[in-house]
Amino acid sequence: MQTTVASSVTFTGTGLHSGRPARMRVRPASAEHGIWFKRIDITDRDNLIPAHWASGVPTPLCTLIRNDAGVEVKTIEHIMAALAGCGIHNALVELDGPEVPIMDGSAARFVDGLVKTGVRELSAPVRVIEVLKPVEYREDDGEHAVWARLEPSDGFEIDFHISFPDRVIGTQNKRLDLSNGNFVRELSDCRTFCRRADVDAMHEAGLALGGTYDNAVVVDGDEVLSPGGLRRIDEAVRHKMLDAVGDLALAGAPLKARYVGHRAGHAMTNKLLRALFDSPDAWRMVECDAATARRLPGVGVRRSDLPMTA
């Protein structure tokens, strides 16, 4: 059955790109509501934005959604991943500004708050988007191909490949089945990362103004500059997978699919969803049976699964 949070839960912190204080409250919602964001600081026009691929504005460094009134919310990928990873289908996410708080750069504190608050079952069945044939979106950046693909699967899987010149990251590959609480155990604590060489460029562009060594992993060649080093040896590729979970949650329903990302990012995943829904013969919406339900993220999640970083 569809779910929502059992009661409201509040998160406070700083916007990663704006550097401004940010307060967010996740509220319960009824069945068939889906996930919506509400800008409570805006009262002169429509302040509700659906967490949906059609509202997505392709951007390279975060996930941004915007409504027809021009009201937008950005850096939603980690809270969307937490909601999907905890199996929460319906919620109203209220914000007092344009950006979700970055917290520690991962989804762990969001997951912790959601699991503490609890999940309430609603009186409507879950419907899933079943991918029937492969759909791919590809770009050539001049030197290396960048692509993402959705393929048929019995559950929800992610297969990701990254490659960076900094040897502390280098080339990393990982594949995960996201059933049985694996998102919480394997991905939720993995933080956003950047190269030291890119920090100044982002600041000059007015981005990452709230970034610190405490809410991002900063690397430089062979070194991890953030205190405490890496949480996992392959934290970088795991964080890319976390981002993909959040970006794919904009499909509007759980996916029964395998996502393969090759150096892909937020914008490419949004373009992949657009390609999927532009291909009516590549997918269908089906009511979730018991076997499929056991393979979806959120089933079997326990607070004890959450890494101690939360």
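This one's a predicted model, so the numbers in the text were calculated from it and none came from an experiment. Position 1 is the first residue of the sequence; numbering continues from there.
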For residues W53 and F277, establish whether the separation of their ring centroids is below 6.0 Å. yes
Using a 6.0 Å cut-off, check whether atom CZ of R45 has over 12 heavy atoms from anything other than its own residue. yes
Who pairs with H89 by side-chain hydrogen bond (donor to acceptor under 3.5 Å, both in side chains), at least two apart in sequence or on another chain? T3
What residues, two or more places apart in sequence or in another chain, satisfy side-chain hydrogen bond (donor to acceptor under 3.5 Å, both in side chains) together with H262? none
Is any side-chain heavy atom of V168 closer than 4.5 Å to a side-chain heavy atom of D222? no
Using a 6.0 Å cut-off, check whether atom CZ of R23 has over 12 heavy atoms from anything other than its own residue. no
For R25 and T10 the tightest heavy-atom approach is NE-OG1, 3.0 Å
Does the side chain of V26 come within less than 4.5 Å of F11's, by heavy atoms? yes
Under the salt bridge (Lys or Arg N to Asp or Glu O under 4.0 Å) test, residues paired with E223 that sit two or more places apart: none
Determine, for R274 against D278, whether the closest basic-nitrogen to carboxylate-oxygen distance falls under 4.0 angstrom. no
For the CZ atom of R191 and the CZ atom of R232, what is their distance to the nearest 0.5 Å? 11.0 Å
Could you tell me whether the side chain of V93 reaches within less than 4.5 Å of the side chain of R27, counting heavy atoms only? no
How long is the span from the CD1 atom in I65 to the CD1 atom in I35, to the nearest 0.5 Å? 10.5 Å
Looking only at heavy atoms, what is the nearest atom pair of T63 and H266, with distance? OG1-ND1, 3.2 Å
Ignoring hydrogens and angles, state whether a donor on the side chain of T269 or Y259 is under 3.5 Å from an acceptor on the partner side chain. yes
For E287 and R127, the nearest pair of non-hydrogen atoms, with its separation, is CA-CG, 4.1 Å
Could you verify whether a donor N or O on one side chain and an acceptor N or O on the other, from E32 and N90, lie under 3.5 Å apart? no
Taking the six-membered ring where the residue is Trp, are the ring centres of F183 and F156 under 6.0 Å apart? no
May I ask you to test the P98-R39 pair for a side-chain heavy-atom distance under 4.5 Å? yes
Closest approach of P101 and T12, non-hydrogen atoms and distance? CB-C, 4.2 Å
